[in-house]
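Report on the following structure.
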Amino acid sequence: MTDPAVTLTPNPDDGLGVGAMPGTLISQAPGHRYRPSGESTDGNQDRNRGCSAVHTDPECLLPFPAVEMLARAGQDDYQRWISHVGAARGCSHPVRLTGEITDIDPATGEILRRTDSTAMPDGVLYVPCGTRRASICPACAETYRRDAYQIVKAGLDGGKGISADVAAHPAVFATFTAPSFGPVHTRVTGPGGKVLRCRPRRKATICPHGRHLSCPHRHKDTDSRLGKPLCPDCYDYDAAVAWNAHAPELWRRTMIALRRRLDKAAKPARIKLSCAKVAEFQARGVIHFHALFRLDGYDPADPETLLPPPSQLTTADLDDAIRLAAAGAWFATVPHPAKPGGWDINWGTQLDRRPVSISPSGDITSGQVAGYLAKYATKATEPVGIAAARITVDTISHYAAAPTHQGRIIRACWKLGAHHHPDFCALRRWAHMLGYRGHFLTKSRRYSVTFKSLRAARATWRRRQEPLAIKGDQGDAPIRVTLLTYAGTGWRTTADAFLALSAAARAREHERVARQETA
């Protein structure tokens with residue numbers, strides 16, 4: 001095999017991954033040389049700009065990552081390396097671990113296998129980062145989305161250890177929205193999906209700041225004006241941030257009121273209300289909730305058994321109880337220098353409620369609900385145009401100084417967060433989430449299975465695919481003892497990232513095609 005055009009020495013700083021390559025060392029093979037980006041062999045800087053590693057032939061110009069990929073793919077152990085990195089399952093920012101893994105027969109104590117990371121390609125074990133956010137790692141977020149789908153679906157149709165009888169229990173899918181904090185651009189659709197004008201007015205209303213409070217446009221889905229206020233000076237940013245911060249407490253009070261109404265309607269019988277909830281940011285930067293409610297019976301002597309609810313309670317009763325509980329949920333925040341009387345925290349006027357049906361002819365089916373909730377479980381502030389990352393004293397000037405809708409919300413978080421009360425002082429810590437500090441996917445304990453059980457089942461299945469997994473005397477899966485240490489995050493080079501993610505993408509495509517063929 002001929003020498004590669006450029007050979008790489010791994011970065012000595014194990015804490016650096018892709019995106020942190022300043023420490024990479026380059027050694028030149030005989031007959032080749034490395035040329036920094038922008039340097040030219042013929043005086044033509046523009047033509048060669050962006051080329052960073054080349055052959056001695058001036059016509060052979062390859063971008064530096066391409067040379068890295070050729071060097072990696074040309075190694076004798078490339079197939080072993082590509083199989084090894086498959087454990088990361090296409091993760092964009094895998095965690096690198098060092099140490100050893102030992103499999104032990106649970107019956108005899110015999111060591112079936114001991115694997116040391118020093119014998120692995122790159123000397124590390126790659127583990128998926130496990131994030132739920134699609135903007136950070138699409139592969140791990142897809143795994144999270146599929147698990148969320150199974151959790152929600154099992155709570156409606158049964159399966160995964162949940163009785164199929166729950167399919168007959170009353171269920172309602174509801175959307176709780178925030179009140180208005182000022183007119184914003186929105187996309188309005190009429191009958192048949194026709195897009196209507198945003199805010200048409202026969203007589204244009206002008207606000208105290210001299211801006212027209214009307215919009216005759218029909219906005220597209222990609223219109224950057226969606227969610228932006230017609231007048232930023234009229235928009236109540238402080239109230240919006242306060243509402244985001246107190247939305248979890250409003251939800252808690254709503255659930256208390258809802259359970260009380262249902263308990264009263266079910267007497268003398270006992271009932272149990274289960275739910276699954278997903279939080280989603282609207283384009284205007286305010287959180288709202290999608291929730292699935294299921295009504296069950298309850299036996300104090302056997303609280304873990306899922307029973308049908310009393311016959312006198314129907315889906316219509318559940319729907320009506322949700323409406324009344326949402327309408328009556330209200331409280332005021334503690335006083336703040338910006339609002340001495342505190343802000344009123346209540347739901348908006350838009351409360352969408354739909355009965356859930358297992359039949360395709362229903363208003364909304366269990367599969368549609370599960371897919372909808374799982375989809376938004378992998379998002380955060382991306383719909384608002386903010387990549388959520390913790391904001392500090394050193395970085396606040398980059399965010400709050402921006403004369404944009406997002407910048408004004410963050411500035412309001414920072415301003416209100418200067419107050420000493422616990423209800424407000426956390427706003428600075430959660431300014432990157434526009435003041436919201438709750439979970440994005442939650443469920444009742446008895447609603448369905450858990451993420452932990454699904455992940456444990458997946459890990460057990462993968463271990464059983466290994467040949468050594470069936471070598472115990474009793475046929476049991478081996479006990480795995482891991483002694484691993486964190487070594488860094490991310491792929492070592494851009495070339496490694498490209499090759500590993502490309503192989504994972506091909507594997508996912510093959511899996512998708514196989515699933516379609518067997519469906």
Side-chain angles (χ1 to χ4, degrees), residues 4 6-27 65 68-69 71-106 109-133 136-141 143-144 452 455-456 458-469 471 477-504 507:
V6 175
T7 57
L8 299 179
T9 303
N11 193 323
D13 186 351
D14 283 341
L16 297 179
V18 167
M21 300 178 58
T24 302
L25 305 178
I26 303 175
S27 60
E68 280 189 288
M69 287 187 287
R72 168 67 81 175
Q75 294 178 357
D76 294 335
D77 65 343
Y78 173 72
Q79 291 301 327
R80 180 169 173 257
W81 177 83
I82 204 70
S83 299
H84 173 65
V85 301
R89 297 188 286 278
C91 178
S92 301
H93 307 281
V95 178
R96 304 196 302 273
L97 303 174
T98 58
E100 66 176 23
I101 302 174
T102 305
D103 289 333
I104 302 175
D105 188 335
E110 174 190 1
I111 295 179
L112 301 177
R113 178 175 59 179
R114 176 179 285 125
T115 306
D116 196 289
S117 62
T118 57
M120 300 176 181
D122 296 341
V124 297
L125 175 67
Y126 292 99
V127 178
C129 67
T131 183
R132 67 166 185 84
R133 293 178 54 197
I136 296 178
C137 180
C140 290
T143 301
Y144 185 93
K452 180 180 179 180
R455 290 163 182 163
R458 185 161 52 242
T460 300
W461 182 87
R462 284 174 178 152
R463 288 173 60 189
R464 290 187 181 278
Q465 307 312 303
E466 302 175 7
L468 288 177
K471 284 193 174 182
I479 298 174
R480 174 158 291 180
V481 179
T482 59
L483 298 174
L484 300 173
T485 304
Y486 174 78
T489 302
W491 298 101
R492 288 183 175 274
T493 66
T494 304
D496 286 359
F498 182 86
L499 292 171
L501 298 181
S502 297

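- The CD1 atom of Ile111 sits 11.0 Å away from atom CG of Asp105, with the distance rounded to the nearest 0.5 Å.
- Counting heavy atoms from C-beta on, the side chains of Met69 and Phe498 come closer than 4.5 Å.
- Counting only residues at least two apart or in different chains, salt bridge (Lys or Arg N to Asp or Glu O under 4.0 Å) contacts with residues 77-87 are absent.
- Taking each heavy atom of Pro128 and Ala88 in turn, the nearest pair found is CG-O, 3.5 Å.
- With rounding to the nearest 0.5 Å, the separation of CZ in Arg96 from CG in Leu125 is 12.0 Å.
- Rounding to the nearest 0.5 Å places CZ of Arg114 at 10.5 Å from CG of Asp103.
- Expressed to the nearest 0.5 Å, how far OG1 of Thr493 lies from CG of Asp122 amounts to 8.5 Å.
- Contact check for Thr102 versus Leu483: no side-chain heavy atoms found under the 4.5 Å cut-off.
- One N or O on the side chain of Ser117 and one on the backbone of Gly99 form a donor-acceptor pair closer than 3.5 Å.
- From Trp81, atom CH2 reaches atom CG of Leu499 across 5.0 Å, with rounding to the nearest 0.5 Å.
- For Thr118, the side chain to side chain donor-acceptor pair (under 3.5 Å) partners two or more places apart in sequence, or in a different chain, are Asp116.
- The ring pair (Phe, Tyr, Trp, His ring centres under 6.0 Å) test applied to Tyr126 returns His84, Trp491, not counting sequence neighbours.
- When all heavy atoms of Gln75 and Ala71 are compared, the closest pair comes out as CG-O, 3.3 Å.
- What you find for Leu501 and Gly90 is that their closest heavy atoms are CD2-O, 3.2 Å.
- A heavy-atom distance below 4.5 Å is found between the side chains of Arg458 and Thr143.
- The CG atom of Leu97 sits 9.5 Å away from atom CE of Met120, with the distance rounded to the nearest 0.5 Å.
- Closest of all the heavy-atom pairs between Ala504 and Arg89 is CB-C, 4.3 Å.
- Of all heavy-atom pairs spanning Thr131 and Cys137, the tightest one is CG2-CB, 3.6 Å.
- Pairing each heavy atom of Thr98 with each of Gly123, the nearest pair is CG2-O, 3.8 Å.
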